[in-house]
Amino acid sequence: MRIIQALKSIGESGSLVFYQNQKITQLGKSGKINEAIKIFESMTSRNTVTWNSMISAYAKNGRINDARNLFEQMPLRNLVSWNTMISGYLHNDKVHEAAELFERMSRRDLFSWTLMITCYTRNGELEKARILFDQLPDKRSPVCWNAMIAGYAKNGRFEDARRLFDKMPVRNLVSWNSMLAAYIQNEEMGLALDFFDKMSERDVVSWNLVIDGFMQIGDLDSAMQFFQRIPSPNVISWVTMLSGFARYSRIDEARRIFDQMPMRNVVSWNAMISGYVLNYQIDEAIILFEQMTEKNAVSWTTMINGYVRIGKLEKARELLNLMPYKNVAAQTAMISGYIQTMQMEEARQIFDEMDTRDIACWNTMIAGYAQCGRMDEANKLFKQMFRKNIITWNTVIAGYAQGGEMNKALRIFEKMEEKNIVSWNSLISGFTQNGLYMDGLRHFVLMGREGKKPDQSTFASSLSACANLAALQIGKQIHHLVVKIGYVNDLFVGNALITMYAKCGRILSAEQVFNDIDNTDIISWNSLISGYAFNGYGKDAIQLFQEMLTEGLNPDQVTFVGLLSACSHAGLIDEGLKLFKYMTEKYCIEPLAEHYACIVDLLGRAGRLEEAYQLVMEMPIKANAGTWGALLGACRLHKNLKLGKLAAEKLLEFEPYKTSNYVLLSNIHAEAGSWNEVEKVRMLMKEKGVEKQPGSSWIEIKNQVSVFVSDDSVLPRTVEICEMLKALMAQMRNVEYMPELALAYWNLDDLWHCVK
DNA sequence: CTAGGGTTAG
């Protein structure tokens with residue numbers, strides 16, 4: 001009908017063009033970009049509005065490059081063309097490009113200013129937005145004020161929003177709604193409801209904001225009550241309810257809403273599909289997806305994500321191939337799917353095929369390589385990246401840290417301009433996990449100096465460093481900080497504290513922490529049991545274990561490692577053997593090499609060397625270095641040269657480059673007085689090229705850990721320290737303290753040195 | 001044809 005009408009009036013100049021322009025806009029808005037292109041290309045005469053409409057249509061459908069091409073090609077640009085292009089960049093998250101155009105404009109109107117302010121606030125660049133806002137030519141128009149208020153709201157600054165709201169000269173309904181949204185986005189439901197009651201005028205947006213607020217805090221009942229009070233709910237009211245129920249996995253209620261809706265748009269369908277996807281009901285999701293007459297990029301992305309979620313990558317890929325204009329989100333979803341299943345080559349293929357990529361996509365790819373330990377490739381991408389964000393940097397740091405390359409991690413970290421808590425935590429936990437405890441603590445201190453507050457992860461890592469260094473004073477200080485900043489009730493921190501005190505020999509403090517924390521988990525119990533073990537309190541370990549059972553907790557493999565080592569350290573041989581039996585028979589826990597090592601140690605201490613050896617030979621899993629090491633230790637204790645030699649040789653097969661093993665072997669020979677053999681071991685080391693690692697120790701003085709390395713005479717105060725050592729040796733002789741000289745085969749002339 | 005408040009994918 002309308003076409004006929006339009007054709008009838010074709011005589012009037014430009015009315016067909018006018019009609020076609022409208023059609024392009026309408027098609028662009030409803031996602032039918034192909035039809036819009038068809039009309040545009042068939043047009044014989046076009047005016048500036050035609051070009052503007054087409055630019056807008058492209059931009060609304062994610063084809064921002066096509067939009068820009070048209071913008072460049074068009075014969076005559078007006079102010080609206082520039083604004084439309086900026087708006088396109090705004091909706092495609094390309095703030096940088098938008099700003100470039102804005103700068104180049106010769107004339108700007110209120111549209112231009114508002115667009116640009118919105119661009120900056122979307123990007124979190126509130127200060128830039130505010131500078132523009134303050135330069136604003138027309139202060140009486142509420143539109144820009146509203147944009148700035150919304151910008152503050154979305155970035156969590158509702159007080160700033162409120163200040164602006166109170167200051168603005170003319171308010172309209174949108175201003176009131178923007179302020180209402182500010183409260184709701186910051187989960188201030190009390191303030192929001194007061195504000196809502198004070199509003200003299202409300203529209204459906206105001207109501208929708210409130211029901212969304214209830215949904216965000218999980219109060220579905222209140223949301224429903226308010227929803228029923230809305231005078232005339234629109235699609236968005238319905239979708240808010242639908243997606244709210246879907247988000248909380250109340251999928252049947254969500255479906256009921258979906259079926260009852262008097263009107264549905266693409267978003268409604270997408271929300272329902274997303275609900276099913278979240279609930280792993282992919283079959284239901286695909287039925288709806290196929291029924292949809294009008295799919296947009298979100299529909300496709302949601303569905304692809306759904307298949308990725310349940311591991312059906314072929315199905316996901318099929319959909320991606322069918323998708324008409326693949327967007328970054330869909331492609332990134334596919335890439336993460338491949339990465340989750342370690343199919344890096346497939347992931348890379350998609351990545352290479354993409355015509356535009358966002359930072360998140362690059363980051364996903366880099367994280368993928370990092371997870372696979374392929375840091376060279378990760379780093380190559382990192383270097384290629386044009387614009388990086390803080391996540392990019394943190395991903396690379398964590399990648400290097402996990403691969404043990406702390407030098408590289410540190411170098412990247414030091415190049416960062418703006419570090420956040422995640423950057424610091426990646427670095428500190430990297431040091432700690434790679435045994436570089438001092439470096440970990442040093443950076444913990446540096447972080448404090450830069451005024452950054454530690455969080456639970458920082459505390460867990462640095463407490464673990466203290467535990468391994470037995471740095472009690474520093475550990476205690478960190479504990480105070482934990483209390484002060486308020487992480488006492490964090491499980492990770494609590495468990496780290498237990499381990500720290502236990503490893504520092506303060507088992508009473510460990511107990512106290514254990515008793516003080518509100519909620520314990522299996523790791524807390526295991527930590528305290530291992531703590532008892534470490535300090536030789538075998539009976540307490542067993543008693544705690546029994547308490548754990550009465551509490552109804554199920555012990556795991558780690559529990560028994562702690563228990564068995566507790567028994568071996570305390571010489572509780574029968575109890576240990578009984579527990580081992582209990583573990584395998586009652587709890588059906590497959591013993592690990594660690595468990596066998598404990599049992600070997602137990603039998604060995606009791607002098608039952610043959611039995612221990614028998615166990616090692618018969619155990620169903622392969623003995624590891626720990627098992628042979630336990631046997632070797634027992635042999636030395638009971639001076640069993642024959643078995644000891646055998647164990648030592650086995651041990652050397654596992655760890656041919658570990659100096660301490662050679663030391664053990666040569667000590668056995670030395671104790672037996674076979675000096676020829678001792679010499680042979682020394683030759684063997686030379687042959688294998690084993691470097692004697694400098695011995696090191698550390699001492700805590702006035703809250704400062706000092707590391708001493710042997711055979712290093714460069715640093716100051718060496719002479720002083722040696723004098724002191726000599727004096728101490730003399731005193732020790734006086735009180736008849738004799739070090740075990742049989743063990744002192746290695747350089748007695750070592751110098752101890754203060755590194756820091 | 002372009003700007004401010006509300007929904008969906010990441």
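Residue numbering restarts at 1 for every chain, and letters A, B, ... go by the order of the sequence lines.
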query: Any donor-acceptor pair under 3.5 Å between the side chain of Asn177(A) and the base of dG4(B)?
result: no
- prompt: Below 4.0 angstrom, N of the basic side chain to O of the carboxylate: do Asp160(A) and Arg163(A) qualify?
  reply: yes
query: Reckon Asn305(A) has a side-chain N or O less than 4.0 Å from the OP1 or OP2 of dG10(B)?
result: yes
query: Can you tell me how far P of dT8(B) sits from CE of Met241(A), to the nearest Å?
result: 13 Å
Asn327(A) CG - dT8(B) C1' separation (whole Å): 13 Å
query: At under 4.0 Å between heavy atoms, what does Asn21(A) touch on the DNA or RNA strands: base, sugar-phosphate, or nothing?
result: nothing
- request: Not counting sequence neighbours, list each pair that qualifies as a ring pair (Phe, Tyr, Trp, His ring centres under 6.0 Å) and has a residue in residues 231-257 of chain A.
  value: Phe227(A)-Trp238(A)
message: Categorize Lys295(A) for me: base, sugar-phosphate, or nothing, with a 4.0 angstrom heavy-atom threshold over every strand shown.
response: nothing
query: Nearest-Å distance, CG (Asn83(A)) to P (dC1(B))?
result: 14 Å
- prompt: Roughly, in whole Å, what's the span from CG in Leu27(A) to C1' in dC1(B)?
  reply: 14 Å
- request: May I ask you to say what Asn78(A) touches in the nucleic acid, namely base, sugar-phosphate or nothing, with a heavy-atom cut-off under 4.0 Å?
  value: nothing
- prompt: Using a cut-off of less than 4.0 Å, is there contact between a side-chain N or O of Arg108(A) and OP1 or OP2 of dA3(B)?
  reply: no
query: So what does Thr84(A) hit on the nucleic acid, given a heavy-atom distance under 4.0 Å: a base, only sugar-phosphate, or nothing?
result: sugar-phosphate
Hey, can you pull the donor-acceptor pairs under 3.5 Å for the side chains in residues 310-320 of chain A, sequence neighbours left out?
from      : atom 1 : to        : atom 2 : distance (Å)
Arg317(A) : NE     : Asn321(A) : OD1    : 3.4
Arg317(A) : NH1    : Tyr338(A) : OH     : 3.1

- line: Winner on side-chain proximity to Leu110(A), out of dA3(B), dC1(B), dT8(B), is dA3(B)
- prompt: Which part of the nucleic acid does Ala150(A) contact within heavy-atom distance under 4.0 Å: base, sugar-phosphate only, or nothing?
  reply: sugar-phosphate
- prompt: Under 4.0 Å between a side-chain N or O of Lys154(A) and OP1 or OP2 of dG6(B)?
  reply: yes
- request: Scan Ser237(A) against the nucleic acid and name what it touches under 4.0 Å (heavy atoms): base, sugar-phosphate only, or nothing.
  value: nothing
task: Give the nucleotide from the list dG5(B), dT8(B), dA3(B) with an atom nearest to the side chain of Arg247(A).
output: dT8(B)
task: Side-chain contact test, heavy atoms from C-beta onward, threshold under 4.5 Å: evaluate it for Ile64(A) versus Glu97(A) and give yes or no.
output: no
Spacing of Gln26(A) atom CD relative to dT2(B) atom P, expressed in whole Å: 13 Å
- request: Name the closest nucleotide to the Thr302(A) side chain, picking from dG4(B), dG6(B), dA9(B).
  value: dA9(B)
task: Could you tell me whether the phosphate oxygens of dA3(B), OP1 or OP2, come under 4.0 Å of any side-chain nitrogen or oxygen in Ser87(A)?
output: yes
- prompt: So does Ser274(A) get a side-chain nitrogen or oxygen closer than 4.0 Å to the phosphate oxygens (OP1/OP2) of dA9(B)?
  reply: yes
- prompt: Got a sec, which residues hit salt bridge (Lys or Arg N to Asp or Glu O under 4.0 Å) with Asp355(A), two or more places apart in sequence or on another chain?
  reply: none
- request: Let me know the distance between CD1 of Ile117(A) and C1' of dG5(B), rounded to the nearest Å.
  value: 16 Å
- request: Only pairs at least two apart or in different chains count here, so list each ring pair (Phe, Tyr, Trp, His ring centres under 6.0 Å) that has a residue in residues 291-332 of chain A.
  value: Phe289(A)-Trp300(A)
statement: Walking DNA chain B from its 5' end, the first of Leu79(A) and Val239(A) to be reached, judged by nearest nucleotide, is Leu79(A)
field: Atom-to-atom span, CH2 of Trp113(A) to C1' of dT2(B) - whole angstrom
entry: 17 Å
task: For the side chain of Thr301(A), starting at C-beta, report the closest nucleotide among dA9(B), dT2(B), dG4(B).
output: dA9(B)
message: So that I can tick it off, tell me whether Lys198(A) and Asp194(A) are bridged by a salt bridge, with the cut-off set at under 4.0 angstrom between side-chain N and carboxylate O.
response: no
query: Among residues 119-149 of chain A, which contact DNA chain B at a heavy-atom distance under 4.0 Å?
result: Val143(A), Asn146(A), Ala147(A)
query: Between dA3(B), dG5(B), dT2(B), which one does the side chain of Leu115(A) approach most closely?
result: dA3(B)
- prompt: Is there a side-chain polar atom (N or O) of Gln185(A) under 4.0 Å from OP1 or OP2 of dG6(B)?
  reply: yes
- line: Rounded to whole Å, the CE-P distance (Met303(A) to dA9(B)) equals 14 Å
query: Can you name the residues that form a side-chain contact (heavy atoms from CB on, under 4.5 Å) with Ala57(A), not counting sequence neighbours?
result: Ile24(A), Ile33(A), Met54(A)
task: Give a yes or no on whether a donor-acceptor pair under 3.5 Å exists between the nucleobase atoms of dG4(B), that is its base, and the side chain of Asn172(A).
output: yes
query: Base, sugar-phosphate alone, or nothing: which one does Asp203(A) contact when heavy atoms must sit under 4.0 Å apart?
result: base
- prompt: Would you call Glu127(A)-Arg157(A) a salt bridge at under 4.0 Å N-O?
  reply: yes
